[in-house]
Amino acid sequence: MEVQTAWQGLLPLYLFLGGLGGSTLALAAWLDVLAPKRYRRTVRPCAWSALLFLILGVIILLADTGTPFRALLLWNSFSNPTSWLTIGAWTLAAALCGNLALSLVASCCAPRRSILRSILGVAFIIVCSATCIYTGVLLMTSSAIVSWNTVLVPALFVLSSLNSGTAFVSCIYRLKEKAKRARRMTAWNGLTVFLTTAESVVTGLYLSWLATSSPATLPAAQLLIDGVLSLPFWLFVVGAGLVIPWAIALIGLLRHKDPKWLVILSAICTLIGACALRFLILAIGLRFPVGLI
């Protein structure tokens, strides 16, 4: 299989939107499987929002190939079938089909449990989980870029995607559900604390790997820790994307109160951090693309 080695400036946005859309849809499908009637106010807007995220991701992916006007002929828009961007396009296409199906089911069908609905929900979760995983595998398989050649990259992207999806869905839940039910954010807060903690650990492991793996990856670690990329890394990825959402969720767990403005702030900070993470990971890779520096 030919390795993808050429990247455009739009790719970080594609990775962000693909992960956000996939995780949002997976969580919406999970809620629909658990209790379609109870969570219908949350599932509907989340499903349609995930569809929008994925559509934007596809548009950006097509623009990244250099042939955006061939979008209606997807099979002709990618001349290299072994390109990882082509594989990503078909992964996104499958997620789009599942997303549209869930959106229509949530909007047009009665919110009742059924075997078929549960089977479809599980299938949607699997497809969208694959979309989240793919966004990290896309980078890891680029062997020419040493700072991406670790399983920590897809692990970090998966956790970041889940964190983003959880932030978005929990925000919609807080805004759309009935007041008494919406205040019961314990499960969402617990999930946020877990995911932000796990993402922080993997981020630390990735920095450690960059610093100690080989002389070729050390400059990338220096860029993030105290180099020219250190300010956006510590401010946006760590501060906005991890520390603030973790603190807000922990306060919610301890006080059992979740004001709407705090939930919205947490979601915004999480999304900013997730987007910044992808820009920075690509930046350190493209600055030092090969194992000889």
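Keep in mind that what you see is a predicted model, and the values were worked out from it rather than measured.
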Within a 6.0 Å radius of atom CH2 on Trp209, are there more than 12 heavy atoms belonging to other residues, nucleotides or ligands? yes

Is Trp30 atom CH2 crowded by more than 12 heavy atoms from other residues, nucleotides or ligands, each under 6.0 Å away? no

Looking at [X] and [Y], would you say the former's side chain and the latter's main chain have a donor-acceptor pair under 3.5 Å?
X      : Y      : answer
Thr24  : Gly21  : no
Ser208 : Gly204 : no
Trp148 : Ile281 : yes
Thr166 : Leu162 : yes
Ser160 : Leu156 : no
Trp234 : Ile225 : yes

Any side-chain heavy-atom pair of [X] and [Y] under 4.5 Å:
X      : Y      : result
Leu31  : Leu27  : no
Val169 : Trp188 : yes
Phe157 : Cys132 : no
Ile284 : Leu210 : yes
Cys275 : Leu13  : yes
Phe233 : Thr203 : yes
Asp226 : Gln222 : yes
Thr270 : Thr196 : no

side-chain contact (heavy atoms from CB on, under 4.5 Å) between Tyr134 and Leu15, worked out: CA-CA 9 Å; Tyr134 164 79; Leu15 297 175; 5.8 Å; no

Assigning hydrophobic clusters by single linkage (Ile, Leu, Val, Met, Phe, Trp, Tyr; side-chain heavy-atom cutoff under 4.5 Å), is [X] placed with [Y]?
X      : Y      : value
Leu191 : Leu242 : no
Ile251 : Leu253 : no
Leu277 : Val201 : yes
Val122 : Leu104 : no
Leu56  : Leu100 : yes

Worked verdict on Leu139 versus Leu282 for side-chain contact (heavy atoms from CB on, under 4.5 Å): CA-CA 8 Å; Leu139 302 188; Leu282 263 73; 3.6 Å; yes

List for me each residue that meets side chain to side chain contact (heavy atoms under 4.5 Å, CB included) alongside Ala267, sequence neighbours excluded, and say none if there are none. Ala167, Cys171

Is the ring centre of Phe16 less than 6.0 Å from the ring centre of Phe53? no

What's the verdict on side-chain contact (heavy atoms from CB on, under 4.5 Å) for Tyr206 and Ser147, showing C-alpha distance, side-chain angles and the deciding distance? CA-CA 9 Å; Tyr206 181 60; Ser147 61; 4.1 Å; yes

For Arg278 and Ser161: C-alpha separation, side-chain torsions, deciding distance, then whether side chain to side chain donor-acceptor pair (under 3.5 Å) applies. CA-CA 11 Å; Arg278 284 148 180 82; Ser161 297; 3.1 Å; yes

Do you know which of Leu17, Ile55, Leu11 makes side chain to side chain contact (heavy atoms under 4.5 Å, CB included) with Ile60? Leu17

Starting from the C-alpha separation in whole Å, work towards a yes-or-no answer on side-chain contact (heavy atoms from CB on, under 4.5 Å) for Met140 and Asn149. CA-CA 5 Å; Met140 185 185 70; Asn149 297 158; 5.8 Å; no

